[in-house]
> 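Can you keep this structure in mind? I'll have questions shortly.
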Amino acid sequence: LRRLFALLLLAAMPWVMAAGCRKPAGASGDILMDASIAPQPVRAGAETVAFRLTNAARQPVTGTRVQVEGDMDHPGMAPVFADAQEISPGSYRAQLNLTMGGDWVVLFHITLSDGRKIERQMDVKGVESN
Amino acid sequence: LTKPPAALSPSAEEKQRAEVEEEFPEAQPFDLLTVPVIGPLLRWRHSRTLLQIPLLLISIVMILQGLLGPTLSPKNLATVLTWVHFRGALVLAILSAGNLFCMACPFMLARNMMRRLVRPRFNWPRRLRNKWIPVALLVLVLFAYELFGLWSSPWLTAWVIVGYFAAVLVIDGLFKHAAFCKYVCPIGQFNFIASAASPLEVAVREPEVCDSCSTKDCIRGRRDPSSTLVVLERGCELALFQPAKFGNMDCTFCLDCVHACPHDNVGVLSRLPAGELMSDPNRSGIGRFSRRNDIAALALVFCFGALMNAFGMVSPVYTVEDWLKRVLHFNSQTMALGILFTAVIVIEPALLLGLAALITRSWAGVKSGWLAIAVRYAYALSPLGFGMWLAHYGFHFFTGLYTIVPVTQNAFAEIGWPILGNPQWMLVGLPKTVVEPIEFGFLLLGLAGSMLVSWRLAQDDSAKHPVRAFAPWGVLCVILFLCCVWLMTQPMDMRATMMAG
């Protein structure tokens, strides 16, 4: 019985050790983002990603460099990239070419005017195939 | 100590060998163990451990990355290695050589380390000495993969690996021999069925040498004469007695028999891929395939599971699920997927094989019952199933081949040690235009294998009307092949089902 107990303890150890190890998703900062993708429903092909960046005082964040990256949620697929253009103070737009249907994750690699780098993420579920 | 099977009389063995020699008279098998460098390396008694150590280390890295690394699947080693590289490399290794993953299995290394501390006391229950548990587990794994979108979650993928280690430690900590490999492991059963199509097999070199062998070390192992508690060489833990072993079923390529044989009479020999499915000898540790409904069910899950697994990755699956929900008035994703799985993995094979067996029985005058005929021919579908697994996993493997580079660069960068430079995310893999012809090549290879096996079985079943006996199975193979082609030409649409709900 003692051996059995030791065995079960050994098997359960990785669970105990890893409990609570998961990374918290979506770390927040003083930069807020409101993003959308159009047209809806989202289909494979060219899609426009529009987003607005504001600071804690709700003032537009201007002069940032933003690279937009689209990844399938399945590993091994080619990511797509686009550079966002600032179309009005704090408002940005980028065109992403979603290469297939499925669940996508859009990452925003943001370099602020003061050189700080932050990342934001938007999930785009159920992109329809053509 | 394991007793060699008593049922295999010398006359039965001789008959079995004669059958093989008659079928392949010109065969002078190539022996991998005679190849310079590779041969001596494999014959070294620690060769398996040498192969297992890197995989164990990689598994630990995958668990840590899965739990602590990036949450985005394409950027995490756990998901990239498991769902792109490991699966693809596994089926390609089986196609080009043999069951190399089981040979290098990291779970067995952990088990061996554990068994230095804990000695198992029990024998695996007699009633469970069959493949029904792993059949159910294989279906469960395929179902969970779709339902929870395992490919999209590094965290869940890491827990699957941890769970696997835990299951191995518990089961092989309690039960003697390789109970986990033979009666539980779903990956192992997948490998066993797939490796029927492998070109290599661990087999006896000179059957006459075994006739004069009195020690049977290949299955009994060898112990220290001064202390029977000390095992000098382990015999086959999966109860495969080399002189009566036929084919790759249940063989983990551990090479324990190679190391144990005092006559150096066990090699890794070449053979006709899928040839082991063309006859039905009494196999050591298994019996006759035609009397093993459980292994036939495994072959069917292997074949139809390949279709279901690919179907879950293309657009039409969502149309079918929505249609099911509308018609049957429910909104549960789990139920929709459950109905689909039941239809594809249970009802579809039952109907198709039942019908084909009835036609063979009535049209070709085969005297066996329809179920016995269906069981016998179920194995013939496994090459086609393997072709589909190769096409599917090969697609992800080749099109995502180089993704391991940026993901590894990123893993180093994440721990603050960017020695491999900035992640080159644009490194992906071979273009689809190159990979697609390879996919169709795999499918054609599978079709050819299934047709050939069906034909040989039909020849045995009805010497008078072999074409009639073969026709329904040939048609079934072509129908399944066309289903595979249709699936591979559908637009990919990968959604994590539970999340899409």
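In this text the structure is predicted, and so the values were computed from the model without any measurement. Just so it is clear: chains get the letters A, B, ... in the order the sequence lines come, proteins before strands, and each one is counted from 1.
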> Could you check which of A:P79, A:S129, A:G126 has the highest count of heavy-atom pairs closer than 4.5 Å to chain B?
A:S129

> Would you call the rings of B:W486 and B:F311 parallel, tilted or perpendicular if under 30° counts as parallel and over 60° as perpendicular?
tilted

> Between B:K75 and B:E414, is there a side-chain N and carboxylate O pair less than 4.0 Å apart?
no

> As an exercise: rank B:D493, B:L427, B:V84, B:V407 by heavy-atom pairs under 4.5 Å with chain A and give me the winner.
B:D493

> By a 4.5 Å heavy-atom criterion (distance strictly below it), what part of A:V127 contacts chain B: side chain, backbone, both, or neither?
backbone

> Does the cation-pi check pass for A:R120 over A:F108, that is, NZ or CZ under 6.0 Å from the six-membered ring centre and within 45° of its axis?
no

> Decide yes or no on side-chain hydrogen bond (donor to acceptor under 3.5 Å, both in side chains) for B:S59 and B:Y164, but give the supporting numbers first.
CA-CA 11 Å; B:S59 303; B:Y164 228 99; over 6 Å; no

> Please identify, among B:G66, B:S73, B:A158, B:P491, the residue contributing the most non-hydrogen atom pairs under 4.5 Å to chain A.
B:S73

> Using a cut-off of under 4.5 Å on heavy-atom pairs, state which of B:G400, B:P74, B:G429, B:S315 scores highest against chain A.
B:P74

> With a 4.5 angstrom heavy-atom cut-off, could you sort out which part of B:T403 is near chain A: side chain, backbone, both or neither?
side chain

> When heavy-atom pairs shorter than 4.5 Å are enumerated against chain A, which of B:N76, B:T399, B:T82, B:L72 gives the highest number?
B:L72

> Parallel, tilted or perpendicular, judged at 30° and 60°: which one describes the rings of B:H392 and B:W389?
parallel

> Mind checking whether B:H85 and B:F397 have parallel, tilted or perpendicular rings, split at 30° and 60°?
perpendicular

